[in-house]
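Worksheet for the structure shown next.
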Protein chains: 2
Amino acid sequence: MTALDIGVVRERSGLPASTLRYYEELGLIRSIGRNGLRRVYAGDVMQRLSFIALGRHAGFSLEEIGAMFAPDGRLSIDRDQLMEKADGLDKRIKQLTALRDGLRHTAKCSAPSHMECPKFQRLMRMAGKNPLRGRDAIV
Amino acid sequence: MTALDIGVVRERSGLPASTLRYYEELGLIRSIGRNGLRRVYAGDVMQRLSFIALGRHAGFSLEEIGAMFAPDGRLSIDRDQLMEKADGLDKRIKQLTALRDGLRHTAKCSAPSHMECPKFQRLMRMAGKNPLRGRDAIV
DNA sequence: CCTTGACTTGAAGTCGACTTGAACTTGTAA
DNA sequence: TTACAAGTTCAAGTCGACTTCAAGTCAAGG
């Protein structure tokens with residue numbers, strides 16, 4: 001668990017320094033000192049960044065992710081929260097699967113225009129019933 | 001295909017008038033006249049709105065969706081584009097499935113802390129390898 | 001005839017996750 | 001020892017999809 005210069009973290013994680021600073025500002029990672037001006041991060045930073053990436057993939061906001069770290073730096077995710085998220089993903093997976101199959105069908109469908117394909121119409125009707133609002137989580 | 005007052009469209013679609021005006025401004029729907037001040041939309045507007053909702057669910061931006069309407073108002077989606085999107089969805093579905101299973105396992109896992117669960121670690125490693133950038137399409 | 005509520009306009013604001021800009025500092029290589 | 005790449009700060013900007021605001025208009029009901 002040796003300390004890591006920000007340059008090293010940038011390189012290993014692929015994230016720009018600006019993002020690392022931003023995450024630090026939000027309290028998602030913490031720097032343990034400086035090397036001259038440069039931030040030096042604690043050795044667990046790579047693990048934390050992976051965790052953040054994972055959280056983002058699962059559809060959590062940075063704020064939510066931040067709340068999963070206990071003050072001592074360990075994880076404190078409640079298992080119910082995970083199950084809830086998993087159930088949410090499950091729903092979304094089903095939606096996406098229907099969508100994927102619908103699109104595939106539509107692409108091959110012999111109807112002269114997509115609008116005339118009954119399956120496509122069904123898809124549209126489904127979508128119309130729950131419009132996505134704003135930048136709404138797509139997951 | 002009778003004309004529809006914006007109030008009726010708002011009601012049937014569940015979208016606020018502001019959204020309808022916004023969509024019109026972007027050229028996604030067109031009003032065919034006025035009733036006093038009020039916009040009156042062409043009869044196909046509900047279908048168009050459904051299509052827009054479908055496109056959004058599939059992860060297209062409003063701009064991309066706009067490009068799918070030919071100038072005459074008919075759809076002109078190229079079937080390859082649909083297949084491409086379907087393939088994209090497929091990938092995303094696989095990711096989400098792995099994620100869902102991982103979360104479910106983690107929730108039930110007997111490891112004292114999530115970080116100690118090997119499956120969880122594997123998930124993190126996967127996520128770490130392709131961080132989500134910005135407001136990146138989650139789909 | 002008058003009120004009212006749902007529309008109208010154009011401009012500005014919001015939200016999340018960053019990025020960019022301007023001005024400055026520093027460890028390291030030449 | 002001097003140049004330089006890569007950091008630093010703080011404030012402001014960006015992007016997409018809308019929403020909100022202030023001020024005005026109008027069709028329909030009482």
Side-chain angles (χ1 to χ4, degrees), chain A residues 3-41 45 48-49 51-67 127 130-139, chain B residues 3-41 45 48-49 51-67 127 130-139:
Chain A
L4 300 176
D5 189 278
I6 190 175
V8 179
V9 177
R10 186 184 47 62
E11 191 176 308
R12 291 199 193 162
S13 68
L15 297 171
S18 63
T19 301
L20 297 174
R21 274 195 302 272
Y22 178 61
Y23 283 179
E24 185 175 346
E25 192 183 322
L26 296 187
L28 297 174
I29 57 179
R30 17 174 209 138
S31 61
I32 216 61
R34 297 285 174 123
N35 172 13
L37 271 191
R38 302 173 179 194
R39 281 152 223 273
V40 173
Y41 288 108
V45 70
R48 270 178 176 252
L49 289 175
F51 179 74
I52 294 168
L54 175 55
R56 302 261 300 112
H57 272 283
F60 290 103
S61 71
L62 293 180
E63 193 177 345
E64 289 172 317
I65 294 171
N130 60 326
L132 246 29
R133 313 273 292 115
R135 60 303 194 187
D136 268 3
I138 289 227
V139 165
Chain B
L4 300 176
D5 188 279
I6 191 174
V8 178
V9 176
R10 186 186 48 63
E11 192 176 307
R12 292 199 192 161
S13 69
L15 297 171
S18 64
T19 302
L20 297 175
R21 274 196 303 274
Y22 178 61
Y23 282 179
E24 185 176 346
E25 192 182 322
L26 297 188
L28 296 174
I29 56 179
R30 13 170 214 142
S31 60
I32 216 62
R34 296 286 174 122
N35 171 14
L37 270 191
R38 301 171 181 196
R39 280 152 222 274
V40 172
Y41 288 108
V45 71
R48 271 180 176 250
L49 289 174
F51 179 75
I52 294 168
L54 175 56
R56 302 262 298 111
H57 272 283
F60 290 103
S61 71
L62 293 181
E63 193 177 347
E64 288 172 317
I65 294 171
N130 60 326
L132 246 28
R133 312 274 292 117
R135 62 305 195 185
D136 267 3
I138 289 226
V139 164

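Every value quoted in this text rests on a predicted model; they were computed, and no experiment measured them. The sequence lines fix the lettering, A, B, ..., with proteins before strands; numbering per chain opens at 1.
The nearest whole Å value for the distance from the CG atom in D5(B) to the C1' atom in dT8(C) is 13 Å. As a whole-Å value, the separation of I65(B) CD1 from dG16(D) C1' is 12 Å. The separation between R56(B) atom CZ and dA17(D) atom C1' is 7 Å, rounded to whole Å. Rounded to an integer number of Å, the gap from L37(B) CG to dA27(D) C1' is 10 Å.
Proximity of residues 19-36 of chain B to DNA chain C (heavy atom under 4.0 angstrom from any strand atom) is restricted to R21(B), R34(B).
Proximity note for P16(B) (side chain, C-beta onward) versus dC18(C), dA17(D), dT19(D): the nearest is dT19(D). Listed candidates were dT25(C), dA17(D), dT9(D). Nearest to the side chain of R39(A) is dT9(D). The S18(A) side chain lies nearest to dT19(C) when the options are dT19(C), dA17(D), dG7(D).
Rounded to the nearest 0.5 angstrom, R34(A) CZ and I6(A) CD1 are separated by 8.5 Å.
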Working note: L49(A) + Y23(A), criterion side-chain contact (heavy atoms from CB on, under 4.5 Å); need CA distance, chi angles, decisive distance, verdict. CA-CA 9 Å; L49(A) 289 175; Y23(A) 283 179; 3.8 Å; yes

Intermediate values then yes/no, side-chain contact (heavy atoms from CB on, under 4.5 Å), V9(B) and I29(B): CA-CA 12 Å; V9(B) 176; I29(B) 56 179; over 6 Å; no

Nucleotide by nucleotide, nucleotides 1-6 of chain D touches protein heavy atoms under 4.0 Å in the pattern (B base, S sugar-phosphate only, - none) -----B

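Across all non-hydrogen atoms, the minimal contact from G66(A) to L28(A) is CA-CD2, 3.3 Å.
Around the CZ atom of R12(A), the shell of radius 6.0 Å holds no more than 12 heavy atoms that belong to other residues, nucleotides or ligands. Other residues, nucleotides and ligands place no more than 12 heavy atoms under 6.0 Å from the CD atom of E63(B).
Considering R39(A), E24(A), R38(A) as possible partners of S31(A), the one that fulfils the side-chain hydrogen bond (donor to acceptor under 3.5 Å, both in side chains) test is E24(A).
Between F60(A) and L54(A) there is no side-chain heavy-atom pair separated by less than 4.5 Å. Side-chain contact between L62(A) and R56(A): present, with at least one pair of heavy atoms (C-beta onward) separated by less than 4.5 Å.
Between S61(A) and the phosphate of dG16(C), there is no side-chain N or O to OP1/OP2 separation shorter than 4.0 Å.
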